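These notes are about the structure you will find just below.
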Amino acid sequence: MTGQPVRGRPVADLVGRTDELELIEALLAGHGQVGTGLLLRGDPGAGKTALLDAAAARAAADGMRVLRACGAQFEAEISFSTLHQMLDPLRERADRLAGQHRDALDQVFDLAPGSSPDPLVVTAVLALLRGVAAERPLLVIVDGVPWIDRASATVLGFAARRIGDDPIVFLAAARTGAGGFFDQVGFPEREIGPWPPSRRPACWTPAGRGWRRPYGGGCSMRPRATRSRCGNSPAC
């Protein structure tokens, strides 16, 4: 897989997560034994979303295209809800696909009912992702894997298993013990343990291309926009 060169510093400076960041670095660069995808597992508050945020920021800084979606419990019964969120920025590009594929993607953008997607939808999404990746490497991020609707899970699982030499990387996150489509895809998994008590950050705020320690005081003392980036850290 074509990737970006490894830089001299990790993806971001998250205290206590050096190993995970280096693993993500290798994934984005297409080096090592990581392959084309990675599933992060951990308990709520372990910092999975913070790692996804860091990966997205680094990928964008390196010139990769980033597509992202997050499964939500209240949308789990809405067919194509996750794909709709992920592919919405590509609506105009979808119009350039061949007629059958273009029409098939209307089912995604119109949230057509049904848990088993039309095979044309499956191949249309793969064609769309490959077309985007042909212009520049692509990072696909999926958070909240257990809450992805079944139709989206089927399509994403199909695409993830057929990446081949395309410059496409999948990065996902799920709670420990929760099932999802990545279980069948067979990507490597990384268990994200709890923050070491002595190194647990209160919160994190973006600083340039990386992250930095928060202001003094608790999250409630900071602006809403800042607090929203704290993720699920128990300290927040």
Side-chain angles (χ1 to χ4, degrees), residues 1-7 10-12 17-42 48-71 82-83 85-87 89-90 93 97 101 108 117 119 121-146 148 151-174 176 178-192:
M1 183 187 72
T2 303
Q4 299 295 314
V6 176
R7 303 298 180 91
V11 177
R17 295 298 183 211
T18 300
D19 291 345
E20 289 82 359
L21 293 172
E22 290 179 349
L23 188 63
I24 291 173
E25 182 92 3
L27 177 70
L28 296 180
H31 290 267
Q33 304 300 315
V34 183
T36 58
L38 179 67
L39 174 61
L40 304 177
R41 286 197 182 274
K48 302 182 297 297
T49 299
L51 287 167
L52 297 181
D53 289 343
R58 180 53 182 271
D62 283 346
M64 298 180 71
R65 179 73 183 257
V66 179
L67 295 177
R68 187 168 185 171
C70 181
T82 301
L83 272 177
Q85 181 185 12
M86 177 180 292
L87 301 181
L90 302 179
R93 183 176 184 88
L97 293 176
H101 281 167
V108 175
V121 174
V122 178
T123 56
V125 170
L126 182 58
L128 180 61
L129 296 179
R130 282 175 168 167
V132 172
E135 297 178 353
R136 51 175 169 156
L138 174 64
L139 172 61
V140 177
I141 294 179
V142 186
D143 203 353
V145 165
I148 296 175
S152 293
T154 299
V155 175
L156 288 172
F158 180 93
R161 287 169 53 85
R162 287 161 177 78
I163 293 174
D165 293 330
D166 298 296
I168 303 173
V169 172
F170 277 80
L171 182 60
T176 299
F181 76 90
F182 262 68
D183 295 335
Q184 285 71 49
V185 173
F187 280 153
E189 297 187 11
R190 176 74 180 205
E191 187 71 24
I192 308 299

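All of these numbers come straight from a predicted model, not from anything done at the bench. Just the heavy atoms: all of them, side chains too, but no hydrogens, waters or symmetry mates, feed the values below.
The minimum heavy-atom distance between G37 and P188, with the atom names listed, is O-CD, 3.3 Å. Between T36 and L27, the shortest heavy-atom contact is C-CD1, 3.9 Å. Residues V145 and A172 approach most closely at CG2-CB, 3.7 Å, considering heavy atoms. The two residues A160 and F170 make their nearest non-hydrogen contact at CA-CE1, 3.8 Å. Closest of all the heavy-atom pairs between I141 and A56 is CD1-CB, 3.7 Å. Contact between P167 and A133 at its shortest, heavy atoms only, is CG-O, 3.3 Å.
A cation-pi arrangement is present between R162 and F158, with the terminal nitrogen or guanidinium carbon under 6.0 Å from the aromatic centre and inside a 45° cone about the axis.
Annotation: side chain of I163 is in contact with side chain of I168 (closest heavy-atom distance under 4.5 Å). Taking the side chain as every heavy atom from C-beta outward, L28 and D62 never approach each other to under 4.5 Å. Looking only at side-chain heavy atoms (C-beta outward), L129 and V132 stay at 4.5 Å or farther from each other. Counting only heavy atoms from C-beta outward, the side chains of M86 and V142 approach each other to under 4.5 Å.
Here the CZ atom belonging to R161 is positioned 12.5 Å from the CG atom belonging to L126, to the nearest 0.5 angstrom. Note that the CE atom of M64 and the CZ atom of R58 stand 11.0 Å from one another [nearest 0.5 Å]. Here the straight-line distance linking atom CG of L67 with atom CG of L138 works out to 5.0 Å at 0.5 Å rounding. Distance check: I148 CD1 to L83 CG gives 8.5 Å after rounding to the nearest 0.5 Å.
A donor-acceptor pair under 3.5 Å is absent between the side-chain atoms of E20 and the main chain of I192, judged by distance alone. The closest donor-acceptor contact from the side chain of T82 to the backbone of S152 lies at 3.5 Å or more, if one exists at all. Using a distance-only test at 3.5 Å, with no hydrogens or angles considered, a donor-acceptor pair links the side chain of K48 to the main chain of G42.
A salt bridge does not link R41 with E191: every distance from a Lys NZ or Arg NE/NH1/NH2 to an Asp or Glu carboxylate oxygen is 4.0 Å or more.
In this structure, the salt bridge (charged side-chain N to carboxylate O under 4.0 Å, His left out) partners of R93, at least two apart in sequence or on a different chain, are E135. Listed by chain and residue number, nothing satisfies the salt bridge (charged side-chain N to carboxylate O under 4.0 Å, His left out) test with R65 (two or more places apart in sequence, or in another chain).
Other residues, nucleotides and ligands contribute over 12 non-hydrogen atoms within 6.0 Å of the CZ atom of R68.
The only member of V140, D143, L139, L39 that meets side chain to side chain contact (heavy atoms under 4.5 Å, CB included) when paired with L171 is L139.
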